[in-house]
Structures are given as structure tokens and as C-alpha cells.
Q: 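Handing you this structure, nothing more for now.
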Amino acid sequence: MPTSPKPAGKLISFEGSEGSGKSTQIARLVAHLQQAGREIVSTREPGGTELGERIRDILLHKDEGQGMCAEAELLLFTAARAQLVRTVITPALKRGAVVVSDRYLDSSTVYQGAARNLAAGPVAAVNGFAVGEVMPHLTVVIDVPTEVSLARVRARSTGRPDRIEREDAAFFQKVRDAYLQLGKDWPQRVLVVDGTRPPDALEQQIWAEVQQRLG
Ligand code: Z5A
């Protein structure tokens, strides 16, 4: 008996400012995809591997990370990404799984490129080296005004903000503007949604788009 072909794997990344609602919407999308019977691999950046989680700690929390130059920051984020792609994402895609990643290469384009003012060419080159051919099939950018993002982060804060959370409002405004620009530059891949809408409405919108765009 001929066996039906395995569905091709898909990579969906979520992007946006901190507190924009990525984790909330990822959990909801994963539930829809599981109900649809797909194997799901849910991961995050920086992190998702043992090495990546160690790098995350240095990037966000450890004292050794203080005073880190922007170039070193870019290389650490992309080192964690390279490991995640080789050991988690590519094998999952080969099995036909849907991989949902909380942040991916666009975070480096936006945070290290636009917000830290590193030149776009080198950032794209390092990103390309880290991911190879593994580009997202769909990227959902959850857009919220900077003041909303900062207020949400403050409201749930329990301790000392991490190294990037300590940046000023101008930094986060650059982040937001750069994400909106990505939506204009890559309309086929990047879907920008309004993160000030209620979570249920956003969930429906994202699920409809995933079904329509990825089949
Ligand atoms: N970074 C970088 O610079 N370069 C890179 O290449 C990469 C990352 C990969 C990682 O932070 C940091 O690393 C990040 C970028 C940088 N720094 N910043 N800023 P992280 O992983 O610790 O956290 P995050 O990814 O920035 O976001 P988050 O804190 O996990 O937030 P979120 O997932 O987007 O939001 P949430 O947890 O779903 O929701 C936040 C709150 O809002 C919560 O109380 C919810 O109940 C509420 N919420 C959610 N949705 C709604 C709606 N629709 N309405 C009202 N309230 C809502």
C-alpha cells in the first residue's frame, strides 16, 4: 500500500517587543496545532538548547554580560541560534513537525541592527551564517505601542529587570519601528498584528492566518 507523504515541516516565529503577548499567543497557537494533529516543537530564543540557555543567562542576567559591546552581543545571540537550528529546528522540520519559536533571526535584525545601530549588512551576514537555509515560513509580529509594552512589563515585574529590559524608551521605540518596517519589507513572510486587541480576538486572527498561509 502506498503511504501518504509526510506533511512538510513548517517554522513559525513570533516577534515583537517585550510584553507584546508572544508567549500568550504561542501557547494558544500550539493548542490549535495540537488539536489539528501535528507534531509541535515549541522553542525560544535565546535558548532552546543547553548551550543556548547558558548563553541566554550571560546575555540577560550574568554580571559578565555588563558592558558587553554590541558586536559581542550579536555574536552571542547568533551562536545560540546556530545551535538551536542544527540540533532542534532542522531535525524537527525533517520529521515534518511544526516548529514555533518565540523569537528568531528578526530579533537580531531589530535589536542589534536597528536599536544598537549595527550596520544592516554585517547583521544579515551573521544571521545568514547562523541559520543557513532555515527561514521562517511565517513570522507573526505582535505590535504594541512602546508605552503599552513597558507598562505590561512593569506590571508583571517581580525583580530586577534584565540587561536589555534596562534600556530606555528610545531604544524600544526603535525596536517597534524596525518591526513595523520588516512587515513592509517582507509582506509575504511577516504578518503584523495589533497586540492591543483582546487575546481571544488575536488568537482567532493568528489561527486563521496560519491556516490560510500554511495550509
Ligand atoms: N533579543 C535580542 O536582543 N536579540 C536577539 O537576537 C534575540 C533576543 C533572540 C529576550 O527576552 C530578550 O532578548 C528580549 C530581546 C532580546 N529583550 N527585550 N526586551 P525574553 O525572552 O526574556 O522576553 P521577551 O521575548 O522580550 O518577551 P516576554 O517577556 O516573554 O513577553 P511576551 O511573551 O511578548 O508577552 P506575554 O508574556 O505573553 O505577555 C506579557 C503580559 O501581557 C502578561 O501579563 C499577559 O497576560 C499580558 N497580555 C498578553 N497579551 C495581551 C493582550 N492581548 N492584551 C492585554 N494584555 C496582554
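Whatever order the structure lists ligands and atoms in, that order sets their numbers, starting from 1. Heavy atoms only: backbone and side chains are in, while hydrogens, waters and symmetry mates are out.
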Q: Could an N or O of ligand 1 be found under 3.5 Å from any N or O of Arg81, whether backbone or side chain?
A: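 Checking ligand 1 against Arg81, an N or O pair does fall under 3.5 Å apart.
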Q: Which distance, rounded to the nearest 0.5 Å, do you find between the CZ of Phe14 and the CD1 of Ile26?
A: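 Atom-to-atom, Phe14:CZ and Ile26:CD1 are 5.5 Å apart.
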Q: Using a strict 4.0 Å cut-off to heavy atoms of Glu45, name the atoms of ligand 1 that fall inside it.
A: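 Taking each heavy atom of Glu45 in turn, ligand 1 has 9 (C) under 4.0 Å.
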Q: Less than 4.5 Å apart, side chain to side chain, heavy atoms only: is that true for Leu59 and Glu73?
A: yes
Q: Which ligand 1 atoms, with their elements, are less than 4.0 angstrom from a heavy-atom of Ser108?
A: 5 (C), 6 (O)
Q: What atoms in ligand 1 come closer than 4.0 Å to a heavy atom of Arg156?
A: 28 (P), 29 (O), 31 (O), 37 (O), 40 (C)
Q: Tell me, which pairs form a side-chain hydrogen bond (donor to acceptor under 3.5 Å, both in side chains) where one or both residues lie in residues 168-177, sequence neighbours left out?
A: Asp143-Arg176, Thr146-Gln173, Gln173-Asp177
Q: When you measure from atom 21 (O) of ligand 1 to every protein heavy atom, which one gives the shortest distance, and what is it?
A: Arg56 NH2, 3.0 Å
Q: Checking Gln204 against Asp200: is there a side-chain donor and acceptor pair closer than 3.5 Å?
A: no
Q: Among all protein non-hydrogen atoms, which one is nearest to atom 17 (N) of ligand 1, and what is the separation to 0.1 Å?
A: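 The closest heavy atom on the protein side is Ile164 CG2, 3.5 Å.
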Q: Once you round to the nearest 0.5 Å, how far does CG of Leu138 lie from CD of Gln212?
A: 10.5 Å
Q: Using a strict cut-off of less than 4.0 Å between a Lys/Arg side-chain nitrogen and an Asp/Glu carboxylate oxygen, indicate whether Asp106 and Arg189 qualify as a salt bridge.
A: yes
Q: Please write down residue, atom name and distance for the protein heavy atom closest to atom 12 (C) of ligand 1.
A: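 Here the closest protein heavy atom is Leu60 CD2, 4.0 Å.
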Q: Nearest 0.5 Å, what's the CD-OG1 distance between Glu133 and Thr90?
A: 10.0 Å
Q: Are more than 12 heavy atoms, taken from residues, nucleotides or ligands other than Arg54, located less than 6.0 Å from that residue's CZ atom?
A: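 12 or below, so no.
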Q: As an exercise, state the distance from OG1 of Thr139 to OH of Tyr104, rounded to the nearest 0.5 Å.
A: 9.5 Å
Q: Parallel under 30°, tilted from 30 to 60°, perpendicular over 60°: which one fits the rings of Phe171 and Tyr111?
A: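 Plane angle between 30° and 60°, so tilted.
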Q: Quick one: does atom 43 (C) of ligand 1 have a protein heavy atom under 4.0 Å from it?
A: no
Q: Which heavy atom of Glu15 sits nearest to which heavy atom of Leu105, and what is that distance?
A: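 That would be OE2-N, 4.3 Å.
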Q: Is ligand 1 under 4.0 Å from a heavy atom in the side chain of Gln25, in the backbone, in both, or in neither?
A: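 Contact part for Gln25 vs ligand 1: neither.
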Q: By number and element, which atoms of ligand 1 are closer than 4.0 Å to a non-hydrogen atom of Gln112?
A: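 In order of number, 2 (C), 3 (O), 4 (N), 5 (C), 6 (O).
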Q: Where is the nearest protein heavy atom to atom 53 (N) of ligand 1: which residue, which atom, and how far?
A: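 Minimum-distance protein heavy atom for atom 53 (N) of ligand 1 reads Arg197 O, 2.9 Å.
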Q: For atom 25 (O) of ligand 1, find the nearest protein heavy atom and state the residue, atom name and distance (0.1 Å precision).
A: Arg103 NE, 2.9 Å
Q: Contact between Arg44 and ligand 1, counting heavy atoms under 4.0 Å?
A: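 For ligand 1, residue contact (heavy atoms, under 4.0 Å) with Arg44 is absent.
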Q: At less than 4.0 angstrom from any non-hydrogen atom of Phe172, what atoms of ligand 1 do you find?
A: 19 (N)
Q: Go through ligand 1 atom by atom and flag the ones less than 4.0 Å from a non-hydrogen atom of Ser23.
A: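 What qualifies from ligand 1 is 30 (O), 32 (P), 33 (O), 37 (O), 38 (O).
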Q: Is it the side chain (CB and beyond), the backbone, both or neither of Glu167 that lies under 4.0 Å from ligand 1, heavy atoms counted?
A: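 Neither part.
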Q: Charged N to carboxylate O below 4.0 Å: is that the case for Glu203 and Arg28?
A: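 Salt bridge flag = yes for Arg28 with Glu203.
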Q: Mind checking what makes side-chain contact (heavy atoms from CB on, under 4.5 Å) contact with Arg156, not counting sequence neighbours?
A: Glu18, Val153, Glu165
Q: If you measure from each heavy atom of Ser20 to ligand 1, is any distance below 4.0 Å?
A: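 Per 4.0 Å heavy-atom rule, Ser20 contacts ligand 1.
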Q: One residue to check: Glu18. Relative to ligand 1, which of side chain, backbone, both or neither has a non-hydrogen atom less than 4.0 Å away?
A: both
Q: Any protein heavy atom sitting closer than 4.0 Å to atom 46 (O) of ligand 1?
A: no
Q: Give me the residue, atom name and distance of the protein heavy atom closest to atom 31 (O) of ligand 1.
A: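 Looking at atom 31 (O) of ligand 1, the protein heavy atom closest to it is Gly19 N, 3.1 Å.
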Q: With a 4.0 Å cut-off, would you call Arg154 and Glu147 a salt bridge?
A: no
Q: Judging by distance only, is a nitrogen or oxygen of Asp162 under 3.5 angstrom from one on ligand 1?
A: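 No, since none of the N or O atoms of Asp162 sits under 3.5 Å from an N or O of ligand 1.
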Q: Show the atoms of ligand 1 that are less than 4.0 angstrom away from any heavy atom in Gly21.
A: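 Atoms satisfying the 4.0 Å criterion: 32 (P), 34 (O), 35 (O), 36 (P), 38 (O), 39 (O), 49 (C), 50 (N).
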Q: Which residue holds the protein heavy atom closest to atom 49 (C) of ligand 1, what is that atom called, and what is the gap in Å?
A: Thr24 OG1, 3.4 Å
Q: Give the residue and atom name of whichever protein heavy atom lies nearest to atom 48 (N) of ligand 1, and the separation in Å to one decimal.
A: Arg152 NH1, 4.0 Å
